[in-house]
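To start, the structure itself, in structure tokens.
Just so it is clear, the structure is predicted and the values come from calculations on it, not from any experiment.
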Amino acid sequence: MENKLSLYNSLTNKKEVFKPIEDGKVGIYVCGPTVYSSSHMGHARSAIVFDVIVKFLRNIGYEVTYVKNFTDIDDKIISKAVEFNVDSKEIAEKYKQEYIKDMKDLGCIEPDFQPCVSDNIDGIINLILSIIDRGFAYEANGDVYFNISKFENYGKLSNQSIDSMLTNHRIEFNPNKKNDLDFALWKKVKDNEPSWDSPWGKGRPGWHIECSVMSCNHLGSNFDIHGGGRDLIFPHHENEIAQSESINEGNFANYWLHNGLININQEKMSKSIGNIINIRDALERWDFNLIRIFFLSHHYRTPVDLSEGRLMEIERSIKKIIKRIRTNSPNKNNIKKFNTLWKEAMLDDFNTAKAFGIFFKCVNDGEINLDNIDEIKEFENVMGINGWMNLLAIKEESKGDEIIREIIDKRNLARKEKNWKLADELRDKAEKLGFILVDKKDSTTWEPKDR
RNA sequence: GGCGGUGUAGCCAAGCGGUAAGGCGACGGUCUGCAAAACCGUUAUACCCCGGUUCGAAUCCGGGCACCGCCUCCA
């Protein structure tokens, strides 16, 4: 591969040159949602970030296998099922379908594989058996726990020593565990819970084990990239590493990529604060292109503050850029430069923010116009934006033609008579109705007022 | 307490050793009856503070300060 891609590896906390295990191919696993409620903007950011990463890897010639799971067995799903008195499968299926639709509406490609925990119980049981066999896990009263004291690299991703974790944790005491930090691979069934037969009796998988199984299923026991939100580093990803590496030689995943989280108006987005924004609601209000560009104009690792004002800023800037492209003279064409520069930015740890900066600059320098707009297709495809050039047109033709026409005619008459007071009043009236009047040389047109 | 992150103009945001991208806003100008829009121009001798390394530091090192996240379920 000619292109030298470097990326920030959370495992080493350093930027590294990317070397795939198999030349020209990349296996990437991204932690998907636990399907117990509608997906929110945090899911959206993670999805968009990795969507762009996969698209870019393909753009520079890699053959990518992209896997993203659904966690469809989980405490929260079960309690929701109890609450609504339905089968937990129903809950999981409902939100899984919602998620699939949300992703599509956000312009994200479908992963090559989207496995569910419930389809992988046999594999999970087999993996647990191997871990027990190797002496890294033990059964206790129908539960199975991973024994972290046996795994010497425990803490290597989150950079913590077992000692410090032991003194700092907030885990409830559990008499079945040998160490407080041991985590469940298999949980003994409690009443009314979905359960499967296993060598340890009826039960269900713990959280973490599913990802070890499903990633290795599709990508092998050693693969290139594992991604997910920052908040998953500990304990989820740490535990995945422990499970997987206890029975296999070498690294589980070579590169760990973690996207930053979202704040809403400077506050952490959380259920308890009640400021969760669902993807569906956001899409009702904002074009998906704007949502993508908003996220992509930040580097994927930094936290992002999401607010109405920020989205409006993006909307304004996109409107300007569209007008600019439309009015730029076709004489100046420097699309090659643009296509070189944005790719360079992306090769450096997927710097989408820089790539968009370059885009704005090239447009404002007059180098991109209606004549060569087709040649930025590659950029659009990688960023997953499309149809955004028509963002304005659709709105301009929206509604209310007749009323506004009437106001314009009256006002133009008033202007002819130099009745400025009446003319201004009519303009204000139009604005109150949601229209901005635009006087041109010898005609007046209108645009919808900004939100 | 441990681990990690962040601190760059009014706001947002790149930059990762070679002399501060980009966006929003603001201001000035052109246009206009006046506006709006559009266009042109201006907008950080300077990157939280203090030391150090270097010919050279926003960038590296040491020490502070502030904010945030994780350490319990979370994208």
Flag yes if more than 12 heavy atoms outside A/Glu83 fall under 6.0 Å of its CD atom; otherwise flag no.
yes
Just to confirm, is there a sub-4.0 Å distance from OP1 or OP2 of B/G5 to any side-chain nitrogen or oxygen of A/Tyr8?
yes
Tell which nucleotide pairs with B/U53, taking only Watson-Crick or G-U wobble pairs whose two distances are both under 3.5 angstrom.
none
Base, sugar-phosphate, or nothing for A/Ile233, non-hydrogen atoms under 4.0 angstrom?
nothing
Note, A/Phe350 side chain near A/Val49 side chain (heavy atom, < 4.5 Å)
no
B/G15 phosphate, OP1 or OP2: any side-chain N/O from A/Asn351 under 4.0 angstrom?
yes
Please confirm whether the ring centroid of A/Phe379 lies under 6.0 Å from the ring centroid of A/Phe356.
yes
For B/G52 versus B/A57, give the span between their C1' atoms, rounded off to a whole number of Å.
12 Å
Once you apply the 3.5 Å cut-off to both distances, tell me the Watson-Crick or G-U wobble partner of B/U42, or none.
B/A26
Of A/Asn259 and A/Ser317, the one whose nearest nucleotide on RNA chain B sits closer to the 5' end is A/Ser317
Spacing between A/Phe356 atom CZ and B/G23 atom P, to the nearest angstrom
14 Å
B/C31 - base-pair partner by Watson-Crick or wobble geometry, distances under 3.5 Å
none
Remember a base hit wins even if backbone is also touched, and classify A/His299 as base, sugar-phosphate or nothing at under 4.0 Å, heavy atoms.
sugar-phosphate
Can you tell me, in whole Å, how much space there is between the C1' of B/U30 and that of B/U19?
35 Å
Sugar-phosphate only, base, or nothing, as touched by A/Ile262 at under 4.0 Å among non-hydrogen atoms:
base
Of the listed nucleotides B/G33, B/G4, B/A21, the one nearest the side chain of A/Arg415
B/G33
For a quick check of understanding: with a heavy-atom distance under 4.0 Å over all strands, which category does A/Ile314 fall into, base, sugar-phosphate or nothing?
nothing
Is the distance from OP1 or OP2 of B/A36 to the nearest side-chain N or O of A/Arg411 less than 4.0 Å?
no
Under 3.5 Å for both donor-acceptor distances, Watson-Crick or wobble: does B/U6 have a partner, and if so which one?
B/A66
I'd like the C1' distance from B/U54 over to B/C60, given in whole Å.
10 Å
Please report, rounded to the nearest Å, how far the C1' atom of B/A14 is from the OH atom of A/Tyr300.
15 Å
For A/Asn339 and A/Glu375, which I'm curious about, is there any donor-acceptor pair between the side chains at under 3.5 Å?
no
In whole Å, what separates the C1' atom of B/A26 from that of B/A9?
12 Å
Determine whether A/Phe18 and A/Asp349 make a side-chain contact, defined as any pair of heavy atoms from C-beta on separated by less than 4.5 Å.
no
A/Ile321 CD1 to B/C24 P: how many Å, rounded?
8 Å
Taking the ring of A/Phe223 and the ring of A/Phe252, is the distance between their centroids below 6.0 Å?
yes
B/A46 and B/A21: how far apart are their P atoms, nearest whole angstrom?
15 Å
Test for a donor-acceptor pair under 3.5 Å between the base of B/G33 and the side chain of A/Asp424, counting only N and O atoms.
yes
A/Gln160 side chain, from C-beta outward: closest of B/A36, B/G2, B/G69:
B/G2
Between the side-chain atoms of A/Asp439 and the base atoms of B/A35, is any donor-acceptor pair under 3.5 Å?
yes
A/Gly229 near the nucleic acid: base, sugar-phosphate alone, or nothing, with a heavy-atom cut-off under 4.0 Å?
sugar-phosphate
Considering only the P atoms, how many Å lie between B/C31 and B/G18, rounded to the nearest integer?
45 Å
Measure CD1/A/Ile408 against P/B/A35 and give the value in whole Å, please.
20 Å
Under 5.5 Å between ring centres and under 30° between planes: true for A/Phe360 and the base of B/G22?
no
Whole-angstrom distance between B/G29 and B/G69, as gauged at atom P:
46 Å
Which nucleotide wins on minimum distance to the side chain of A/Ala353, given the candidates B/C71, B/A14, B/A75?
B/A14
May I have the distance from A/Asp305 (atom CG) to B/C67 (atom P), rounded to whole angstrom?
17 Å
Return the 5'-most residue of the pair A/His298, A/Glu313 with respect to RNA chain B, ranking by each residue's nearest nucleotide.
A/His298
A/Lys418 near the nucleic acid: base, sugar-phosphate alone, or nothing, with a heavy-atom cut-off under 4.0 Å?
nothing
Would you say a side-chain N or O of A/Lys354 is under 4.0 Å from OP1 or OP2 of B/G23?
no
Reckon A/Phe50 touches a base, only the sugar-phosphate, or nothing at all at heavy-atom distances under 4.0 Å?
nothing
What nucleic acid atoms does A/Arg230 come within less than 4.0 Å of, heavy atoms only: base, sugar-phosphate, or nothing?
sugar-phosphate
Provide, to the nearest angstrom, the distance between the CZ atom belonging to A/Arg316 and the P atom belonging to B/C11.
17 Å
Side-chain N or O of A/Lys320 versus OP1/OP2 of B/C24: is the shortest distance under 4.0 Å?
yes
Could you tell me the separation between the CG atom of A/Asn13 and the P atom of B/C16, rounded to a whole number of Å?
19 Å
Looking at every strand, decide which applies to A/Thr302 at a 4.0 Å heavy-atom threshold: base, sugar-phosphate, or nothing.
sugar-phosphate
Taking only side-chain N and O atoms of A/Lys268, does any of them lie within less than 4.0 angstrom of OP1 or OP2 on B/C70?
yes
Side-chain N or O of A/Asn364 less than 4.0 angstrom from OP1 or OP2 on B/G23?
yes
Specify the closest pair of heavy atoms between A/Cys31 and A/His226, including all atoms of both residues, with the distance to one decimal.
SG-NE2, 3.6 Å
Rounded to the nearest angstrom, tell me the gap between atom CD in A/Glu367 and atom C1' in B/G22.
14 Å
For B/U19, the nucleotide meeting Watson-Crick or G-U wobble distances (both under 3.5 Å) is none
Using only heavy-atom distances, determine whether the side chains of A/Asp371 and A/Asn369 contain a donor-acceptor pair under 3.5 Å.
no
Between B/U43 and B/G23, how far apart are the P atoms? Round to whole Å, please.
14 Å
For A/Asp102 and A/Ser39, test the side chains for any donor-to-acceptor distance below 3.5 angstrom and give the result as yes or no.
yes
Is it the case that B/A36 (base atoms only) and A/Arg427 (side chain only) share a donor and an acceptor within less than 3.5 Å, ignoring hydrogens and angles?
no
